[in-house]
Amino acid sequence: MGKNIMRLLCTSVSLTVIYWLAEGTLSKTDAKKGATKKLEEKTLHSDKNVQDRGLVVVDLKAKDIILEHRSYCSTKMRERYFSGDVLGYITPWNSHGYDVAKIFGNKFTLISPVWLQVKRRGKERFQFTGLHDADKGWMKVVRKNSKNIKIVPRILFDGWTYQDFESVFGSEDEIEELSESMVLLAKNENFDGFVVEVWSQLGNQKQTELIHLLLHLSEALHEAHLKLILVIPPAVAAGTNQPGMFTKKEFDQLASAIDSFSLMTYDYSTPQRPGPNSPLPWLRACVQVLDPDSKWRNKILLGLNFYGMDYSALGASGEPILGSRIALRTLEELIISYGHLQ
């Protein structure tokens, strides 16, 4: 659902919880011998960071992940090592993200809970749903722990038809009503702005009109001292060298008005074309195509996924490999599925 160009850290991460020991490349025989072994996990915090503990290496071993994944450096947990903006998403499918935001909030500048939807209910009538998910207590704790953090919920244009978009695009009154309603929502709920996800819904259609809407929304939010982050699809279509749905042309028209762009540089591969989730050359290309002169790089939040995809022959579509799922597998099943672990 980022990112030195890597600026976006997704807190929709499930840290892999593996209870079975694997070291090196194992045969099936070795797997059977090792399948009964369990490795104790470190649950105490460390006074050393991952570099000092020798965990930032090329040849990472599974046993080190198992042993260390719950242990973080308590003395450095509030320090930032990157001066740019860092946006973290909090997703419904990984509630651990709420704890990550509370513990490591100082490492983020923007936190976006995936809470909200806006629905069009008629002429100049808009309804916001998802507010039942908004956790005021959690927001208070996050802000207490991290004084400079901004909470900017993701808002989705839910259930909008092509006719809904056309009606709003064709009416300045509707655009103004939508903008004012979003400002009022942010003020009433104590939000610091919004992450808006709408661009991909129209494909390559009505781009001029959508840009006009976004410029108006940006102006209204900024007048109220609120932020607007726009989710954008990759500038280079995955698996090709062709332009994506959001190109340099659109970026140039919006760059001065939008606070940040959340660039979706993940899910590169598909079940029909299995492969890496976010190949580095593609990541670079998506940024360089949008901003070849590095004028607005500080506004591009590069999407970094912290999950893998399982493209097995058993299903028609791939699915994320999550810690809770991995934990239920034996070492032998992992080796059969993925070849080997190192």
Side-chain angles (χ1 to χ4, degrees), residues 1-3 7-8 10 12 85 87 89 91 110 112-120 126 128 130 152-170 174-175 178-179 181-182 193-222 226-240 242-268 278 282-283 285-291 296-297 299-305:
M1 146 96 110
K3 343 358 274 211
R7 298 169 188 261
L8 172 62
C10 297
S12 58
D85 282 330
L87 165 65
Y89 288 102
T91 63
L110 303 161
S112 182
V114 179
W115 285 340
L116 305 178
Q117 305 84 38
V118 57
K119 301 177 184 287
R120 185 173 182 267
F126 301 96
F128 298 99
V152 285
R154 196 285 309 268
I155 188 165
L156 186 68
F157 283 55
D158 187 38
W160 284 52
T161 65
Y162 186 81
Q163 183 58 49
D164 285 326
F165 282 109
E166 277 204 320
S167 297
V168 172
F169 292 157
E174 289 238 29
I175 292 175
L178 175 61
S179 301
S181 297
M182 290 182 64
F194 299 100
V195 173
V196 172
E197 186 166 352
V198 64
W199 193 273
S200 298
Q201 287 179 244
L202 287 168
N204 288 318
Q205 303 181 75
K206 298 290 182 179
Q207 291 183 340
T208 300
E209 292 84 354
L210 182 53
I211 288 172
H212 176 72
L213 167 63
L214 291 168
L215 291 174
H216 198 296
L217 177 59
S218 172
E219 182 180 0
L221 290 171
H222 288 163
L226 299 168
K227 288 186 173 294
L228 174 59
I229 295 93
L230 178 65
V231 178
I232 57 174
V236 179
T240 74
Q242 301 302 311
M245 288 189 295
F246 190 91
T247 68
K248 183 179 184 299
K249 176 184 175 182
E250 292 77 46
F251 181 77
D252 287 343
Q253 294 178 73
L254 289 167
S256 63
I258 303 296
D259 292 292
S260 298
F261 297 85
S262 179
L263 181 58
M264 298 191 295
T265 39
Y266 37 81
D267 296 340
Y268 176 87
S278 300
W282 178 64
L283 296 179
C286 287
V287 174
Q288 291 169 350
V289 164
L290 290 178
D291 188 29
W296 302 104
R297 292 288 175 90
K299 291 194 174 190
I300 300 176
L301 306 177
L302 189 71
L304 295 176
N305 59 286

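All residue numbers refer to positions in the sequence shown, counting from 1.
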Those residues that, when tested against Arg154, pass side-chain hydrogen bond (donor to acceptor under 3.5 Å, both in side chains) (two or more places apart): Glu197
Nearest-0.5 Å distance that lies between atom OG1 in Thr265 and atom CG in Leu304: 6.5 Å
Nearest-0.5 Å distance, NZ of residue Lys248 to CG of residue Asp252: 3.5 Å
Measuring only between side-chain heavy atoms, which start at C-beta, is [X] closer than 4.5 Å to [Y]?
X	Y	value
Ile155	Met182	yes
Leu110	Val195	no
Glu250	Ile211	yes
Gln253	Thr208	no
Tyr268	Leu283	no
Asp259	His222	yes
Phe261	Asp291	no

Taking the side chain from [X] and the backbone from [Y], do they hold a donor-acceptor pair closer than 3.5 Å?
X	Y	value
Ser262	Leu301	no
Gln207	Phe246	no
Lys119	Gly159	no
Ser112	Val152	yes
Trp296	Leu290	no
Lys206	Glu166	no

Nearest non-hydrogen partners of [X] and [Y], listed with the distance:
X	Y	result
Met245	Trp199	O-NE1, 3.1 Å
Ser179	His216	OG-ND1, 3.5 Å
Ala257	Leu215	CB-CD2, 3.5 Å
Ser200	Met264	OG-CE, 4.1 Å

Contacts of Gln205 that satisfy side chain to side chain contact (heavy atoms under 4.5 Å, CB included) - sequence neighbours left out: Tyr162
Side chain to side chain contact (heavy atoms under 4.5 Å, CB included) partners for Glu219, two or more places apart: Glu223
Less than 3.5 Å apart, which donor and acceptor atoms pair up between the side chains of residues 227-240 and the rest of the protein, not counting sequence neighbours?
{"residue": "Thr240", "atom": "OG1", "partner": "Ala237", "partner atom": "O", "Å": "3.0"}
{"residue": "Thr240", "atom": "OG1", "partner": "Gln242", "partner atom": "N", "Å": "3.0"}

Under 3.5 Å side-chain donor-acceptor pair for Asp164 and Ser167: no
Pairing residues for Phe194 by the ring-ring contact (aromatic ring centres under 6.0 Å, His included) criterion, not counting sequence neighbours: none
Partner set under ring-ring contact (aromatic ring centres under 6.0 Å, His included) for Phe165, not counting sequence neighbours: Trp160, Phe169
Full working for side-chain contact (heavy atoms from CB on, under 4.5 Å) between Val198 and Leu213: CA-CA 11 Å; Val198 64; Leu213 167 63; over 6 Å; no
